[in-house]
Amino acid sequence: MKQVSTVLTIAGTDPSGGAGIQADLKTFQELKSYGMSVITSVVAQNTTGVQDVHHLPIEFIEKQLDSVLTDIPVNAFKTGMIATEDMMRVIHQRMRQQDIYYVLDPVMVATSGDVLINENARDYLRDYLIPLSTVVTPNIPEAEYLTETSITSMEDMKAAAKILVNELGASAALIKGGHLEGHPIDWLYNGDEFYKFTSNRINTTSTHGTGCTYSAAITALLAQENLLLTSIEYAKQFVTSALRYSFSLGHGNGPTNHWGIREDRMNSKRN
């Protein structure tokens, strides 16, 4: 029987399907990894924003984690929206015992601007989850909060990545540059060297779930024992294709297209 790579996402939901758990599972499937999920919060949201949030009881989050971990081996996991310190404490206790890849997407604010995490949880994430991570993947606003710096240039991005690794304890930090003007350039720092990842900027407002999709792609590829650099490089291509073929759905920021990479492949064959 063929051995399958398994990935676990620990995050909140998105009933409109563009972000959160739903985006993660779509990404895992496209990249041929077996996806599993532990839900932290049930979120009423769509392309226009977040209407309400219901946090699941801590005991039930524990039971979900135990259900997976006592039955199925996990090759890699990622965390997205973890709204409270108590949730993070449970995840830290369970997952620090697992010697597996961990991609930390520090989801703090939705694309719509809605805050998804409280202040105590932000501090716990910085102090306990970042040191556990294989790679942390903040966008510029998230990196600014975590490092308590202002980021307005490439050099600022690189300085923030150094803080995340050298001072806060991440094994590697990927700062995503989509909030700056020009081409969306991301910088990875692994404690020794910097690596640059760039792509063309796609002219679209359908960016709902971009960060979730990017980090989920990295997780799926790490689970297949790809190197971190290789995983990020292909994940960057994956999310760029998802934006290139994104949907004009809803009344706000539409979703990315998780089978966009297939569209790129078909167009390449035609040409």
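Positions are given from 1, in the same order as the sequence printed here.
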**Student:** Test side chain to side chain donor-acceptor pair (under 3.5 Å) on Thr70 and Asp66 and set out the steps.
**Tutor:** CA-CA 6 Å; Thr70 58; Asp66 290 341; over 6 Å; no

**Student:** Where do Thr6 and Asn75 land on the side chain to side chain donor-acceptor pair (under 3.5 Å) test, with the steps shown first?
**Tutor:** CA-CA 5 Å; Thr6 57; Asn75 298 125; 3.2 Å; yes

**Student:** Are side-chain N/O atoms of Tyr102 and Thr79 paired as donor and acceptor at under 3.5 Å?
**Tutor:**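 Yes.
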
**Student:** Ignoring hydrogens and geometry beyond distance, is a side-chain donor-acceptor pair present between His251 and Asn46 at under 3.5 Å?
**Tutor:**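 No, no side-chain donor-acceptor pair sits under 3.5 Å.
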
**Student:** Do Tyr214 and Asp186 pair up side chain to side chain, a donor and an acceptor below 3.5 Å, judged on atom types alone?
**Tutor:**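 Side chains of Tyr214 and Asp186: pair found under 3.5 Å.
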
**Student:** Would a 4.5 Å heavy-atom cut-off, applied to side chains only, mark Leu243 and Asn257 as touching?
**Tutor:**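 No, too far: nothing below the 4.5 Å cut-off.
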
**Student:** Tell me whether Arg262 forms a cation-pi arrangement with Tyr245, defined as NZ or CZ under 6.0 Å from the six-membered ring centre and within 45 degrees of its axis.
**Tutor:**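 Here Arg262 fails the 6.0 Å and 45° test against Tyr245.
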
**Student:** Quick check on side-chain contact (heavy atoms from CB on, under 4.5 Å): which of Asn166, Val135, Leu174, Ile175 does Tyr189 satisfy it with?
**Tutor:**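 Going through the options one by one, the only one that passes is Asn166.
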
**Student:** Verify whether one side chain among Lys78 and Thr9 offers a donor that lies under 3.5 Å from an acceptor in the other.
**Tutor:**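 No donor-acceptor contact under 3.5 Å links the two side chains.
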
**Student:** Please name the pair of heavy atoms, one in Pro255 and one in Gly18, separated by the smallest distance, quoted to 0.1 Å.
**Tutor:**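 Pro255 and Gly18 have their closest heavy atoms at CB-CA, 3.9 Å.
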
**Student:** Going by atom types alone, do Thr149 and Glu144 pair a side-chain donor with an acceptor below 3.5 Å?
**Tutor:**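 No, Glu144 and Thr149 have no side-chain donor paired with an acceptor closer than 3.5 Å.
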
**Student:** Indicate whether the side chain of Ser5 and that of Ser33 have a donor and an acceptor atom separated by less than 3.5 Å.
**Tutor:**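 Per modelled atom types, Ser5 and Ser33 side chains form no pair under 3.5 Å.
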
**Student:** Has Lys158 got its NZ or CZ under 6.0 Å from the middle of the six-membered ring of Phe194, at an angle within 45 degrees of the ring axis?
**Tutor:**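 Yes.
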
**Student:** Does the side chain to side chain donor-acceptor pair (under 3.5 Å) test come out yes or no for Gln93 and Tyr128, once each step is laid out?
**Tutor:** CA-CA 10 Å; Gln93 289 171 350; Tyr128 292 95; over 6 Å; no

**Student:** Heavy-atom count check: over 12 atoms from other residues, nucleotides or ligands less than 6.0 Å from Phe247 CZ?
**Tutor:**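 Above 12, so yes.
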
**Student:** Do NZ/NE/NH1/NH2 and the carboxylate oxygens of Glu62 and Arg89 come within less than 4.0 Å?
**Tutor:**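 So Glu62 does not pair with Arg89 through a salt bridge.
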
